[in-house]
Amino acid sequence: MSMGATSMDVLVSLSKRRGFVFQSSEIYGGTGSCWDYGPLGVELKNNIKRVWWRDFVQQRADMVGIDASILMHPTVWKASGHLDHFTDPMVDCRECKRRFRADHVDALPWTHYCAATKGNKFTIPAGEACGHCGLRRTLCPECGKGELTAPRQFNLMFKTFMGPVEEDAAVTYLRPETAQAMFVNFDNVLQSMRLKLPFGIAQAGRSFRNEITPGNFIFRTREFEQMEIEFFVNPNDRVDGRPADEYWHDRWIEDCMAWFLRYGLAADNLRLREHEKDELAHYAKRTVDIEYKFPIGWSELMGIANRTDFDLKQHSKWSGKSLTYFDDERKEHVVPFVVEPAAGVDRALLAFMADAYREEEVRGEKRVVLKLHPELAPIKVAVLPLLKKRDDIVRTAHAIRADLAKQWRVVYDDTAAIGRLYRRQDEVGTPYCVTVDVQTVGDSERGETGDQRVTIRERNSMEQARVPIAELALVIRELLDGAPWPQVAGRYPSPRS
Ligand SMILES: [Zn+2]
Ligand SMILES: [Zn+2]
């Protein structure tokens, strides 16, 4: 199967079968568009966040991180514009009470009880008229019976109450984006860290949007995780002869694209999409999306927006606090511009899985393999005993697992024959398997001590090398740090066939 052709059904099924993603509250029939990350999913997700944080926060001298609370002062959402503008126009069915986006309702197939055919029920394609009576849809497309209300603006923020009293004064919201916390903490971070422009504030965390039509597995959900950066620049500075905000916007587009390529997304499945003038948020100077060819088609993987000085000015206005930066050279206070690279963790995870999924034929048999980048792979090493009835082999395998597990997620598995065990690890993307066999431990009854070497098998090539147990951790470290397999394996003998 070629890249980009992985279907969503295949990913959903693999995710459930192998413990990546489960439907939330499944035993109660599930919760709409909520998903739970299972034992392997949580590792994959943590790895994505960890490498993002390492590459964009730890390794950069111009970046710091925060971890803000999800509940914020309600005025934050007034200042940010979310209270007034973060809305979709909705219509409700008076009969079945279903709710639809007013601008999407004509794009749905509709249910029709046709008077011209004694009230027979038909499902008619979106936008088409009934072939028998010629009527077009006016009623609820789902039940075909109820009238729809006039459109009403529906805010996408989850509303809740602070404290025990459900009254208007206690109303607050679950944050619909992590970004606002970076703006309201701008001065705290600036003063405490003594930063100079340009610098960024990064945060990874949960956000909530009461989407009317979520769906497509973990692509669009009501509760999701974001990795966002607000990169502040001095609008009066010029870099390479260009305004600093424009220069940094391009730099961030390049850096984000390079990041997805580095962790394994195929270049053919990535593209940039410039927002048209009429789809730009009113405060945005320019926005570019990185799109990925998901199983549902080209869709947004992340967005990189130039939000100008809109957010800092708004929060300054509503809070009455000055949110400026003192430009030492020009001896003046300026409101920085901000470039915002914003990525969704769940979407990134879906893209990495879709891109890594392969079905290959190996010696006449189908092999499913997730060719995940080793740094993202949920399990780094699986330690497998060749004979589970030999105590010395099992003991050695357990000891190796315990030793490697000081550094990585490592599993031990003896529940099937070796071929099966390899296939299971391939399917979840484990880059290296280590097998312990008779040669490793020798035969104590005959006074043999064994060669104290194990076989490492590399997932993609399925090639193997015999490595001394004493060197194993170093070899794994070298491989995970990016050393090519042939170069490392070349130093060791192949297993005896
Ligand atoms: Zn209805
Ligand atoms: Zn009809």
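Along the sequence shown, residues are numbered consecutively beginning with 1. Counting starts at 1 for both ligands and their atoms, following the listed order.
Using a cut-off of 4.0 Å between Lys/Arg side-chain N and Asp/Glu carboxylate O, Arg273 and Glu300 are scored as not salt-bridged. Of the charged side-chain nitrogens involved, at least one lies within less than 4.0 Å of a carboxylate oxygen, so that Asp55 and Arg262 count as a salt-bridged pair. No salt bridge links Asp426 with Arg459; every basic N to acidic carboxylate O contact stays at or beyond 4.0 Å. Looking at Glu95 and Lys145, no side-chain N of the basic residue comes within less than 4.0 Å of a carboxylate O on the acidic one, giving no salt bridge.
Considering the Zn ion (ligand 2) as centre, the angle to SG of Cys114 and to NE2 of His112 is 110° (10° rounding). Between the SG atom of Cys143 and the SG atom of Cys93, the angle taken at the Zn ion (ligand 1) works out to 110° after rounding to 10°. Rounded to 10°, the angle that SG of Cys96 and SG of Cys140 form at the Zn ion (ligand 1) is 110°.
Because the distance cut-off is set at 2.8 Å, Cys130 qualifies as a neighbour of the Zn ion (ligand 2) through one of its N, O or S atoms.
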